[in-house]
Amino acid sequence: MNQEKSHLILIGMMGTGKTTVGRELSKKLKLEWKDTDQELEARFGCTIAEYFARAGEAAFRQEETRLLKMLLNGSPLLLTTGGGIVLKEENREMMREKGVVVQLFAEPEEIIRRLGRAADERPLLQGELHTKVYAIMKEREGLYDFADLTVDTTGRSVDGVVQEIVSFWEKAFKRRFHRLS
Ligand SMILES: Nc1ncnc2c1ncn2[C@@H]1O[C@H](COP(=O)(O)OP(=O)(O)O)[C@@H](O)[C@H]1O
Ligand SMILES: O=C(O)C1=C[C@@H](OP(=O)(O)O)[C@@H](O)[C@H](O)C1
Ligand SMILES: [Mg+2]
């Protein structure tokens with residue numbers, strides 16, 4: 001493994017559990033946790049939904065890329081991202097180069113069930129949730145597939161997903177350690 005790959009990065013469609021898994025994972029790993037949406041909300045001084053309404057998606061994507069670049073050039077992180085971060089080739093390249101990337105996946109019906117209550121917080125899911133989830137998943141087909149590991153979270157507990165990622169990260173770490181020693 002490349003020495004530069006110092007971050008553990010979670011990507012995946014909205015509702016696959018990146019933020020929730022990240023919070024639990026950070027308790028098990030000796031890595032500082034940051035979530036791009038939480039960082040952006042602190043910078044914007046408002047929620048992601050309010051920022052979309054005020055400045056639009058293009059401005060949000062610009063800020064998201066700027067933040068990603070800054071975070072990946074800093075000290076090692078557990079980084080959970082917003083689902084649309086893979087839309088830009090530039091972002092995908094940066095993540096591939098600078099981190100071990102884990103994709104969380106869930107079947108669309110499970111995402112719809114999970115996001116039923118929280119869809120309001122996601123500006124791209126306004127309107128008919130079912131139609132939007134299927135359309136966005138189709139638009140993004142293949143864009144998450146550069147990940148080093150994909151975890152299907154459908155029907156699984158948060159703890160189970162966390163455990164699988166811990167094992168994978170520890171193995172990746174051991175391989176790197178052996179290569180350096
Ligand atoms: N493995 C899981 N099983 C059931 N519900 C989950 C799981 N992971 C996350 N959730 C729930 O799904 C919703 C969305 O999770 P969240 O972490 O915000 O996803 P993301 O950051 O990928 O959009 C939350 O209500 C969360 O509690
Ligand atoms: O998929 C997307 O385009 C988005 C996902 C959201 O994050 P989560 O994936 O954490 O829900 C948030 O960044 C924004 O609403 C846009
Ligand atoms: Mg999130």
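Both backbone and side-chain heavy atoms feed into the values below; hydrogens, waters and symmetry mates do not. Please read all numbers here as calculations on a predicted model, not as lab measurements. Note that ligands are numbered from 1 as they come in the structure, with each ligand's atoms numbered from 1 the same way.
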Any heavy atom of Gly15 sitting closer than 4.0 Å to ligand 1? yes
Asp159 and Ser157 side chains, donor-acceptor separation under 3.5 Å: no
Starting from atom 25 (O) of ligand 1, which protein heavy atom do you reach first, and at what distance in Å? Arg114 O, 4.2 Å
Using 2.8 Å as the cut-off, note every protein N, O or S atom close to the Mg ion (ligand 3). Thr19 OG1
Can you find a heavy atom in the side chain of Leu68 that is under 4.5 Å from one in the side chain of Leu79? yes
Do the side chain of His130 and the main chain of Ile112 share a donor and acceptor less than 3.5 angstrom apart? no
Taking both backbone and side-chain atoms of Glu121, is any N or O found less than 3.5 Å from an N or O belonging to ligand 2? no
Just heavy atoms, cut-off under 4.0 Å: does Arg122 contact ligand 1 by side chain, backbone, both, or neither? side chain
Taking distance alone, with N or O pairs closer than 3.5 Å, would you say Thr153 contacts ligand 1? no
Side chains of Leu40 and Glu64 in contact at under 4.5 Å (non-hydrogen atoms): yes
In the protein, which heavy atom is nearest to atom 7 (O) of ligand 2, and how far is it? Asp37 OD2, 2.8 Å
For Thr16, the atoms of ligand 1 under 4.0 Å from one of its heavy atoms are 22 (O)
Below 3.5 angstrom, do we get any N/O pair linking Gly83 and ligand 2? yes
Salt-bridged, Glu110 to Arg114, with N to O below 4.0 Å? yes
Using a strict cut-off of 4.0 Å, indicate which atoms of ligand 1 neighbour a heavy atom of Gly17. 8 (N), 9 (C), 15 (O), 16 (P), 17 (O), 19 (O), 20 (P), 22 (O)
Considering only heavy atoms from C-beta outward, does the side chain of Leu71 approach that of Leu77 to under 4.5 Å? yes
Kindly assign one of parallel, tilted or perpendicular to the pair Phe60 and Phe52, based on the angle between their ring planes and the thresholds 30° and 60°. tilted
Could you check whether Glu39 pairs with Arg43 (Lys NZ or Arg NE/NH1/NH2 to Asp/Glu carboxylate O, under 4.0 Å)? yes
Among protein heavy atoms, which lies nearest atom 27 (O) of ligand 1, and at what distance? Thr20 OG1, 4.0 Å
Near Met14, which atoms of ligand 1 are under 4.0 Å from a heavy atom of that residue? 23 (O)
So, Lys18 versus Thr81: side-chain donor-acceptor pair below 3.5 Å or not? no
N or O contact, Lys18 vs ligand 1, cut-off under 3.5 Å: yes
Should one rank Glu57, Lys18, Glu139, Arg61 by closest heavy-atom distance to atom 16 (C) of ligand 2, which comes out on top? Arg61
Indicate yes or no: does an N/O atom of Gly84 lie under 3.5 Å from an N/O atom of ligand 2? yes
What is the nearest protein non-hydrogen atom to atom 3 (N) of ligand 1, stated with its residue, atom name and distance? Arg156 O, 3.3 Å
Would you mind checking if Glu93 and Lys88 are paired as a salt bridge, meaning a charged N to carboxylate O distance below 4.0 Å? no
Sub-3.5 Å donor-acceptor pair from the side chain of Arg140 to the main-chain atoms of Gly83, do we have one? yes
Using the rule that Ile, Leu, Val, Met, Phe, Trp and Tyr join whenever any side-chain heavy atoms are under 4.5 Å apart, tell me whether Ile111 and Ile85 fall into a single cluster. yes
By number and element, which atoms of ligand 1 are closer than 4.0 Å to a non-hydrogen atom of Val158? 1 (N), 2 (C), 7 (C), 8 (N)
Which of the ligand 1 atoms, numbered from 1, are nearer than 4.0 Å to a heavy atom of Thr19: 17 (O), 21 (O)
What I'd like to find out is whether the side chain of Trp169 reaches to under 4.5 Å of the side chain of Val100, using heavy atoms alone. yes
Which segment of Thr80 sits under 4.0 Å of ligand 2 when only heavy atoms are counted: neither
